[in-house]
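We number each residue from 1, following the sequence as shown.
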Amino acid sequence: MKISGAEAIIRCLLAEGVDLVYGYPGGAIMPVYDELYKFKDQMHHVLVRHEQGATHAAQGFARATGKVGVAIATSGPGATNLVTGIADAQIDSTPMVCITGQVGKHLLGSDAFQETDIIGISTPVTKWNYQITEAHEIPEIIAKAFYIAKSGRPGPVLIDITKNAQFDELDFSYEKCTSIRSYKPVPKLNLDKVAQAAALINTAKKPFIVFGQGIILGEAEQQLKELIEKSGIPAAWTILGLSALPTEHHLNVGMLGMHGNYGPNILTNECDVLIALGMRFDDRVTGNLATYAKQAKVIHFEIDPAEIDKNVKTTVAVLADIKESLTALLPLIENNYHEAWHNEFKDKYKIELESVINEELKPKSDGISMGETIEMINKHSKGDAIMVSDVGQHQMFTCRYSKFNTTKSNITSGGLGTMGFALPAAIGAKMGMPEREVVAIIGDGGFQMTIQELGTIFQTKVPVKIVVLNNEFLGMVRQWQELFFDNRYASTEMINPNFVAIAEGYYIKAKKVTKRGDLDAAVAEMMASKDSYFLEVMVEKENNVFPMIPTGASVSDIRLS
């Protein structure tokens with residue numbers, strides 16, 4: 001079958017099971033958009049209002065569904081506008097394929113109109129990228145792109161396609177990629193290492209499991225649950241690991257890291273065996289590496305060899321697919337329950353409950369706190385919503401206090417910390433999982449970075465619930481300025497517009513809450529709405545997130561105030 005390169009691109013996407021793409025048209029990608037128009041009954045294209053919104057929406061779709069998200073843009077500024085979302089997907093291991101148009105092959109390197117070296121620009125933040133200059137390359141390269149994006153440790157792939165390759169014809173056939181010579185995405189499981197790990201776990205007096213997003217990406221939630229229930233080991237999560245284990249599970253001891261729970265952080269430096277499952281020992285989790293878990297033997301279950309011994313020296317490294325390795329581990333684990341060790345976590349939780357949590361969820365002041373707003377959403381969602389948080393104080397409150405019953409329910413920008421992530425990501429999550437409630441929790445600063453995506457919501461009628469926690473500050477930066485810069489609030493106070501009027505300008509139902517007594521009814525109305533809904537909650541201006549580990553400090557130095 002002889003077809004154009006542009007048509008081949010669409011047929012390749014359909015062959016990969018893609019029926020939803022996010023993008024923004026332009027000159028160099030116009031042939032592809034012409035084919036999208038012809039295939040509109042088979043391929044739904046969502047017109048975002050900025051190309052960054054396309055990548056974040058594709059990320060939200062991928063994180064909620066486990067599928068590969070797809071974003072399309074033109075050359076030059078269209079391509080460069082994708083880069084933040086690509087970098088975010090790279091550090092958070094999100095499977096995504098981005099397709100960009102490019103000037104004709106004969107113009108490459110001539111500084112033609114809207115020519116940018118997107119291959120050079122994106123190389124540091126992609127798992128793989130490739131520039132197609134001939135039409136016949138399209139099927140093979142797109143097949144490789146989807147295989148690389150999804151296999152092993154997932155990540156973003158960018159394919160740049162010159163305009164001549166889109167216009168020229170090729171003899172089309174498509175075969176999915178299942179292997180690439182020299183690319184081994186899943187290490188072969190070493191059963192001896194599994195046995196060594198089991199021996200350490202079975203003899204430990206104070207074992208501690210820390211799990212990350214690898215559990216979710218590897219679809220090993222059931223194996224994690226069976227492991228902790230059989231071994232009786234307390235388990236804590238990174239923010240990207242949140243929701244892999246129900247938050248109310250009796251062995252779930254909470255959140256690790258800079259604003260994590262008191263017990264998991266303090267007791268990291270008291271455990272004798274630390275079992276890391278699908279996490280990368282990020283600096284926000286470890287604090288000062290010179291003092292991190294030095295007393296413990298460390299077992300690291302990981303799929304990416306580059307993460308082994310990168311930050312924390314391991315005693316036993318189990319390199320493999322996490323579901324495969326935990327399945328092999330389970331029969332070797334002895335039934336146990338470390339009651340005295342669990343009591344230490346309970347004692348630390350009581351301290352945090354009295355000095356932090358009760359103050360946040362039941363504040364004595366007249367002002368509404370971020371934590372009580374999240375708790376009110378829990379009341380009405382019953383832990384069944386997908387919570388998509390932006391970056392800042394509200395993100396930490398959302399992760400600390402949200403309740404989750406189901407995996408793939410916490411979507412946020414982890415490693416890159418991208419303000420503006422939540423609104424477009426929530427669009428993608430809701431489109432990927434239309435049967436689930438999706439709530440975006442956003443600060444007044446981050447909201448204005450991608451506020452234009454309200455237009456995408458209006459045009460598509462996607463019923464996303466949007467909650468802006470407005471403290472009229474760049475709250476996280478302000479907190480640091482208060483604690484470490486003698487209250488010098490340099491460029492962090494926000495003079496905000498009328499958010500409700502803006503939302504209503506996009507024909508989205510909107511409400512503003514300024515009094516605690518109105519919060520319950522407003523959240524109930526929002527959650528009951530069948531359409532998109534915007535809720536602005538005016539929260540305390542100087543409401544800080546605690547506990548907190550100061551930058552460069554040990555996890556043992558976590559502060560409660």
Visitor: Take F397 and V545 through the side chain to side chain contact (heavy atoms under 4.5 Å, CB included) test and state the conclusion after the steps.
Guide: CA-CA 7 Å; F397 282 117; V545 194; 3.6 Å; yes
Visitor: Would you say the side chain of N265 lies within less than 4.5 Å of the side chain of K348, judging by non-hydrogen atoms?
Guide: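 K348 vs N265: side chains apart.
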Visitor: Who pairs with K310 by salt bridge (charged side-chain N to carboxylate O under 4.0 Å, His left out), at least two apart in sequence or on another chain?
Guide: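 Checked K310 against salt bridge (charged side-chain N to carboxylate O under 4.0 Å, His left out); matches are E307.
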Visitor: When you measure from the side chain of H342 to the backbone of L251, do you find a donor-acceptor pair of N or O atoms at a distance under 3.5 Å?
Guide: no
Visitor: Going by atom types alone, do S554 and T291 pair a side-chain donor with an acceptor below 3.5 Å?
Guide: yes
Visitor: Can the ring centroids of H300 and F281 be said to lie less than 6.0 angstrom from one another?
Guide: yes
Visitor: Please, which pairs that meet salt bridge (Lys or Arg N to Asp or Glu O under 4.0 Å) have at least one residue in residues 385-401, sequence neighbours excluded?
Guide: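 Checked against salt bridge (Lys or Arg N to Asp or Glu O under 4.0 Å) - neighbours excluded - the pairs reaching residues 385-401 are E352-R400.
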Visitor: Of all the heavy-atom pairs spanning F421 and R63, show the shortest one and how long it is.
Guide: CZ-NH1, 4.3 Å
Visitor: Using the test salt bridge (charged side-chain N to carboxylate O under 4.0 Å, His left out), find all partners of D520 that sit at least two apart in sequence or belong to another chain.
Guide: K379
Visitor: Using 0.5 Å steps for rounding, measure from the CG atom of D88 to the CD1 atom of I86.
Guide: 11.0 Å
Visitor: Yes or no on side-chain hydrogen bond (donor to acceptor under 3.5 Å, both in side chains) for E540 and S365, after CA distance, side-chain angles and deciding distance?
Guide: CA-CA 9 Å; E540 291 180 305; S365 66; 2.4 Å; yes
Visitor: Taking everything shown except D366 itself, do over 12 heavy atoms lie less than 6.0 Å from its CG?
Guide: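 Open: at most 12 neighbouring heavy atoms sit under 6.0 Å from CG of D366.
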Visitor: With no hydrogens and no angle check, is any side-chain donor or acceptor of N269 less than 3.5 Å from a backbone partner on V555?
Guide: no
Visitor: Going by heavy atoms in the side chains, are P156 and T94 under 4.5 Å from each other?
Guide: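 Result no, sub-4.5 Å side-chain heavy-atom pair not found.
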Visitor: Looking at T268 and C271, what are the two nearest heavy atoms and their distance?
Guide: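 It is O-SG, 3.3 Å.
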Visitor: Report, as yes or no, whether the 6.0 Å neighbourhood of atom OH on Y24 holds more than 12 heavy atoms from other residues, nucleotides or ligands.
Guide: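 No, not enclosed.
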Visitor: Is W480 reaching over with its side chain to a backbone N or O of F485, donor-acceptor style, under 3.5 angstrom?
Guide: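 Not at all, since once roles are kept as given, no pair shorter than 3.5 Å links the two residues.
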Visitor: Consider only side-chain N and O atoms of T492 and Q481, and report whether a donor and an acceptor are under 3.5 Å apart.
Guide: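 Yes, because at least one side-chain N or O of T492 sits under 3.5 Å from a partner of the opposite role on Q481.
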Visitor: Between N410 and G241, is there a donor-acceptor pair closer than 3.5 Å when you use the side chain of the first and the backbone of the second?
Guide: no
Visitor: Using 0.5 Å steps for rounding, measure from the OH atom of Y22 to the CD1 atom of I427.
Guide: 8.0 Å
Visitor: Please find the pair of heavy atoms, one from Q213 and one from S93, that lie closest to each other, and give the distance.
Guide: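 The answer is NE2-CB, 4.5 Å.
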Visitor: List the steps and the verdict of side-chain hydrogen bond (donor to acceptor under 3.5 Å, both in side chains) for N81 and Q52.
Guide: CA-CA 5 Å; N81 282 343; Q52 183 178 339; over 6 Å; no
Visitor: Report the distance from atom CG of L256 to atom OG1 of T238, rounding to the nearest 0.5 Å.
Guide: 7.0 Å
Visitor: Is there any salt bridge (Lys or Arg N to Asp or Glu O under 4.0 Å) pair reaching into residues 451-468, and which pairs are they, with sequence neighbours excluded?
Guide: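 Found E437-K465.
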Visitor: If you look only at pairs with a residue in residues 351-373, which of them pass as a ring pair (Phe, Tyr, Trp, His ring centres under 6.0 Å), with sequence neighbours excluded?
Guide: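 Those involving residues 351-373 do not exist here.
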Visitor: So which atom in A58 and which in M96 form the shortest heavy-atom distance, rounded to 0.1 Å?
Guide: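 Taking A58 first and M96 second, the nearest heavy atoms are CB-SD, 3.7 Å.
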Visitor: Please list, one pair per line, the donor and acceptor atoms closer than 3.5 Å that link side chains of residues 504-511 to other protein atoms, with sequence neighbours excluded.
Guide:
unit_1	atom_1	unit_2	atom_2	d
K509	NZ	E525	OE2	3.3
K511	NZ	E525	OE1	3.0

Visitor: Tell me if a side-chain donor or acceptor on N498 pairs with a main-chain N or O of A501 at a distance below 3.5 Å.
Guide: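 Side chain of N498 to backbone of A501: a pair is present.
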Visitor: Per the salt bridge (Lys or Arg N to Asp or Glu O under 4.0 Å) rule, what does the pair list look like for residues 281-290, sequence neighbours excluded?
Guide: R280-D282
Visitor: Hey, could you give me each pair passing ring pair (Phe, Tyr, Trp, His ring centres under 6.0 Å) that has a residue in residues 527-559? Not counting sequence neighbours.
Guide: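 Ring pair (Phe, Tyr, Trp, His ring centres under 6.0 Å) check on residues 527-559 returns F447-F534.
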Visitor: Quick one: list whatever passes side-chain hydrogen bond (donor to acceptor under 3.5 Å, both in side chains) with S369, sequence neighbours left out.
Guide: E360
Visitor: Can the ring centres of F208 and F345 be said to be less than 6.0 Å apart?
Guide: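 Yes.
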Visitor: Might you point out which heavy atoms bring V273 and I299 nearest each other, and give the distance in Å?
Guide: CG1-CD1, 3.7 Å
Visitor: Partners of D384 by side-chain hydrogen bond (donor to acceptor under 3.5 Å, both in side chains), sequence neighbours excluded?
Guide: N405
Visitor: How close do G414 and D92 get, heavy atom to heavy atom, and via which atoms?
Guide: N-OD2, 2.8 Å
Visitor: Would you check if there is a donor-acceptor pair between the side chains of Q393 and N471 at a distance under 3.5 Å?
Guide: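 The answer is yes; a qualifying pair exists.
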Visitor: Any side-chain donor paired with an acceptor under 3.5 Å for S243 and S409?
Guide: no
Visitor: Under the side chain to side chain contact (heavy atoms under 4.5 Å, CB included) rule, what do M494 and L474 come out as? Steps first, then yes or no, please.
Guide: CA-CA 7 Å; M494 302 287 286; L474 298 176; 3.7 Å; yes
Visitor: Output the distance between atom NZ (K127) and atom CZ (R153), rounded to the nearest 0.5 Å.
Guide: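 Between K127 NZ and R153 CZ, I get 9.0 Å after rounding to 0.5 Å.
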Visitor: Looking at K67, I'd like to know if its NZ atom is crowded, meaning that more than 12 non-hydrogen atoms belonging to other residues, nucleotides or ligands lie closer than 6.0 Å.
Guide: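 Not buried by this count: 12 neighbours or fewer within 6.0 Å.
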Visitor: Got S402 and N378 here, is their nearest side-chain heavy-atom distance under 4.5 Å?
Guide: yes
Visitor: Taking side-chain contact (heavy atoms from CB on, under 4.5 Å) as the definition, give me every residue that meets it alongside E482, ordered by chain and number, with sequence neighbours left out.
Guide: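 Partners of E482 by the side-chain contact (heavy atoms from CB on, under 4.5 Å) criterion, ordered by chain and then number, come out as R478, N487, Y489, N544.
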Visitor: Could you walk me through whether T286 and N288 satisfy the side chain to side chain contact (heavy atoms under 4.5 Å, CB included) test, starting with their C-alpha distance in whole Å, then the side-chain angles of each, then the deciding distance to 0.1 Å, before giving a yes or no?
Guide: CA-CA 6 Å; T286 65; N288 187 347; over 6 Å; no
Visitor: Any chance NZ of K541 has more than 12 other-residue heavy atoms, nucleotides or ligands included, within less than 6.0 Å?
Guide: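 Yes, NZ of K541 has more than 12 neighbouring heavy atoms, counting only those of other groups under 6.0 Å.
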Visitor: Please examine the side chains of Y292 and L274, heavy atoms only from C-beta on, and report whether any two atoms are closer than 4.5 Å.
Guide: yes
Visitor: List the steps, then state whether side-chain hydrogen bond (donor to acceptor under 3.5 Å, both in side chains) holds for Q448 with N496.
Guide: CA-CA 9 Å; Q448 293 177 83; N496 290 318; 2.8 Å; yes
Visitor: Can you list every pair that meets salt bridge (Lys or Arg N to Asp or Glu O under 4.0 Å) and has a residue in residues 210-227, with sequence neighbours left out?
Guide: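 Salt bridge (Lys or Arg N to Asp or Glu O under 4.0 Å) check on residues 210-227 returns K225-E229.
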Visitor: Could you tell me the separation between the NE2 atom of H50 and the OG1 atom of T456, rounded to the nearest 0.5 Å?
Guide: 11.5 Å
Visitor: Less than 4.5 Å apart, any side-chain heavy atom of V537 and any of N470?
Guide: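 Sidechains of N470 and V537: no contact.
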